[in-house]
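Below is one structure, written out as structure tokens; the observations come after it.
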Amino acid sequence: MSTVVLLLITGVGLGAIYFLVASGLSLIYGLMGVLNFAHGVFLTFGAFLGWEVAARMGATTWAGFAASLLVGALAGAVFAALTERFLVQRLYERHIEQVLITVGLALAVVALFDGIWGTDARFISGPPWMSRTTTIAGANVPNDRFVAIVLAVVVLVAIVLFLQRTRYGMIIRAGVENRSMVTALGIDVRTAFTLIFTIGGAAAGLGGVLASHAFGYVSPMLGQTLLIFAFIVTVIGGLGSLTGAAIASVLVAVLQQFANYYWGYGDFAVVVLLAVVVLTRPSGLMGKKVTA
Amino acid sequence: MTDADIGTDRRRQAVRVLLPLGLVVLLACLPLLDISVPGILPGATYTPGTLHLLALAWVMAAVALSYHLLFGVAGLLSFGHALYFGLGAYGLGIVMRELQLGLVPAAVLTLVVAVVMSTVLGAVSLRVTGIPFAMVTLAFAQAAYVWVRRDPERVTGGEEGLRLPTEFVPGFLVGVADTRNLYWLALAVLVLAYLLTAWVQNSRAGHVAEAVRENELRVRVLGMQPVLVKLAIFVSASVIAAMVGMVHLLLNSGAVPHVMSAEFTISLLLMVVLGGVGSRWGAVAGAILYVLLNQRLTVLAGGAWVESLPAVLRIPLSEPLFILGTLFVLVVLFLPGGLAGTVARVTARSRDRRGDDGPDRRPHPPAAEEPEADDVPQRLEVT
């Protein structure tokens, strides 16, 4: 019983990190049709800058941790906004070229991180409470998972509120639904593109800091590893669907934890799940019908 | 058409056959010659180091051609092509060692496995199109990559990679002294891959695949099955990749997990885009450029003069992938069509200028009558 509870909660914790990466990916794809290969780079950049700030302010203090979260999110947001403004937007409407440019950017920037911070993983520490465990139903759950879950829920609620209650949120939702109609109404959707990249980048940067605490290290490949799972999550959840991404993140991560524990092949279980979803529901759990 | 026109066409056709033939003969003679190209090749052409580098370039060009078939012809943006290359490399080694088979039967068996696997996985992946297709192929390849790296069955050698079981390989393909045999093998596989790619591209399936890339709905309305055609292209490209992967195993006397990674597929994508999407010789040129640049930049990064630069310049210059990635971004932004597209533009412009006062001026714009119309770079579109 305690094992099941432990696997379940750590699974949801991992799902929270997947969601932070996948939410931005899914929204970007839904609105712009761009598969953003540079999303992992936003995450890694956030994680590294967060780590640098925490190291300077005292990695074991709560102030340092809070600052690292803030700086991580900010770093991801700025990097993403610049990417969109100066690279992706230049290739307006040419989706394959946009994908290619994010691929090239990811390649170059990961190599640059290698040069700056070295290829070896840097082990990190947070406030002492984070590395302790809390006992729930007999299971000793690491506390950092709770932080990840709470923050992911906050991000989810914030994005939903933004999409539902603000004017820009409305434009983005309408754009995902039918972009040409929004353009025809005389609304410049390009601001919405930059905005959605910024939000996605901030979520990814935050996810980067949390992931580095959950895994205990930060390395230039951190984002690329998570990115592949985030891709799987977005396909399973349905491209362009935020709720789908949230459900699929938890589903994928919990399945991965259980399969890893009982069978040893968590990554395969995830790929099998992907194959099943693609075979039975090609548009994903919550996705609109994929036509192109 | 006038007699002069027919004459030029015939001459052009002869050039199209003789030029590549002459080039292949020249390249085949390289191991017997003593040519030094300072700055590009590490040594004279008969030295094993240079031959190995060139052989690697031919192998990568061959696998880039198979990727061209997928991406350039059928418009299928796959991020999992490394799976089939790795299948060839690892598969051949494992089959030889575990089943105690000789090189040729093991190669045939590996190709059969590649056909079955690409058919099954292709059929699943092609349920979705466009970007979701890219992600699904990526996921399959990633699963294989993780399997090869973790090595749960103790067959792939894990992180260290698989060593070529030399006892099953004919003696003339093993050892540094025999690098020239491996060089010829690599050149042969490049020529074979080129001919196979051209054959598939010019077959009925190839033409339908190109039509599907442009307008899938219309092909379906005409009563054809786009999915079957795309599957045929997917399987052909995968089998060519597996074949090249086997040569890669022999050339490097082993296989490392990198050949199955997403980074490997991305490097193929890089080569094809650098060379010009949709162009066969562009894919070859892009691959050769990539391999040589990668090698030269690594040498450059280790040079003493880089060490003496300030950190702002030293760090980017010491990372070959940073330079290659940046180059790729610049090509996508400013040189759509890559190398082949640029060459086509330049020749078209000069032909235009000549045509203005020449006697054989044609009524149509020259682009419409390009003899190699099946081999010009197209605008990127994915169905």
Side-chain angles (χ1 to χ4, degrees), chain A residues 25 29 33-35 37 86-87 90-91 94-116 221 224-225 227-232 234-236 239 264-280 282-284 287 290-292, chain B residues 71 75 77 79 121 123-136 138-147 150 152 216 262-263 265-267 269-270 273 277 301 311 314-334 336 379-383:
Chain A
L25 270 182
Y29 184 83
V34 179
L35 176 62
F37 265 84
F86 290 106
L87 292 177
R90 295 182 60 113
L91 299 166
R94 285 149 66 189
H95 295 159
I96 296 304
E97 273 107 329
Q98 287 177 329
V99 174
L100 295 182
I101 216 154
T102 62
V103 169
L105 181 71
L107 202 67
V109 175
V110 169
L112 198 59
F113 289 165
D114 276 348
I116 298 173
M221 286 309 286
Q224 305 313 107
T225 322
L227 185 67
I228 288 169
F229 286 105
F231 281 156
I232 296 176
T234 38
V235 173
I236 290 178
L239 287 155
Y265 298 110
D267 302 340
F268 290 103
V270 171
V271 172
V272 170
L273 176 69
L274 174 77
V276 169
V277 170
V278 166
L279 278 174
T280 51
S283 55
V290 181
T291 47
Chain B
F71 182 49
L77 180 58
F79 278 99
L121 294 184
V124 175
S125 321
L126 286 166
R127 296 264 305 167
V128 286
T129 52
I131 301 297
F133 173 82
M135 295 196 199
V136 173
L138 174 67
F140 284 139
Q142 196 62 23
Y145 173 63
V146 169
W147 184 76
R150 297 236 181 104
E216 178 160 358
E263 287 93 69
T265 309
I266 287 176
S267 63
L269 182 63
L270 229 77
V273 172
V277 179
R314 178 173 45 88
I315 290 172
L317 279 181
S318 58
E319 296 292 337
L321 277 181
F322 173 78
I323 300 175
L324 281 171
T326 312
L327 183 69
F328 177 76
V329 168
L330 293 177
V331 166
V332 173
L333 278 180
F334 301 112
R379 206 175 153 255
L380 305 175
E381 274 306 333
V382 160
T383 49

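Each chain gets a letter, A, B and so on, in the order its sequence line appears, and its residues count up from 1.
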[Y] and [X], any side-chain heavy atoms less than 4.5 Å apart:
{"X": "A:Asp267", "Y": "B:Gln142", "value": "no"}
{"X": "B:Val332", "Y": "A:Leu91", "value": "yes"}
{"X": "B:Phe334", "Y": "A:Arg90", "value": "yes"}

### Task
Kindly state whether the ring of A:Phe231 and the ring of B:Phe79 have centres lying under 6.0 angstrom apart.
no
### Query
Which region of B:Leu324, side chain (C-beta onward) or backbone (N, CA, C, O), has a non-hydrogen atom less than 4.5 Å from a non-hydrogen atom of chain A, or is it both or neither?
neither
### Message
What part of B:Leu321 gets within 4.5 angstrom of chain A, counting heavy atoms only: side chain, backbone, both, or neither?
### Response
both
Please round to the nearest 0.5 Å and tell me the distance separating atom [atom1] of [X] and atom [atom2] of [Y].
{"X": "A:Ile228", "Y": "B:Tyr145", "atom1": "CD1", "atom2": "OH", "result": "8.5 Å"}
{"X": "B:Phe322", "Y": "A:Asp114", "atom1": "CZ", "atom2": "CG", "result": "12.0 Å"}
{"X": "B:Glu263", "Y": "A:Leu107", "atom1": "CD", "atom2": "CG", "result": "8.0 Å"}
{"X": "A:Phe86", "Y": "B:Leu333", "atom1": "CZ", "atom2": "CG", "result": "12.5 Å"}

Please classify the contact of [X] with chain B as side chain, backbone, both or neither, using a heavy-atom distance under 4.5 Å.
{"X": "A:Val272", "result": "neither"}
{"X": "A:Leu112", "result": "both"}
{"X": "A:Thr234", "result": "side chain"}
{"X": "A:Phe229", "result": "neither"}

### Query
So which of A:Ala108, A:Ala106, A:Ala275 has the biggest tally of heavy-atom pairs under 4.5 Å with chain B?
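Most pairs with chain B among the choices: A:Ala108.
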### Query
Between A:Val278 and B:Phe133, does a side chain to side chain contact (heavy atoms under 4.5 Å, CB included) hold up when you go through it step by step?
CA-CA 10 Å; A:Val278 166; B:Phe133 173 82; over 6 Å; no
#### Entry: Closest non-hydrogen atom pair, B:Ala139 against A:Val271
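Smallest interatomic distance, heavy atoms only, reads O-CG2, 3.6 Å.
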### Task
Apply the side-chain contact (heavy atoms from CB on, under 4.5 Å) test between B:Met135 and each candidate in A:Leu274, A:Leu239, A:Leu25; give the one that qualifies.
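Going through A:Leu274, A:Leu239, A:Leu25 one by one, the side-chain contact (heavy atoms from CB on, under 4.5 Å) with B:Met135 is satisfied by A:Leu239 alone.
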### Task
Could you go through the side chain to side chain contact (heavy atoms under 4.5 Å, CB included) check for B:Val329 and A:Leu100 one step at a time?
CA-CA 8 Å; B:Val329 168; A:Leu100 295 182; over 6 Å; no
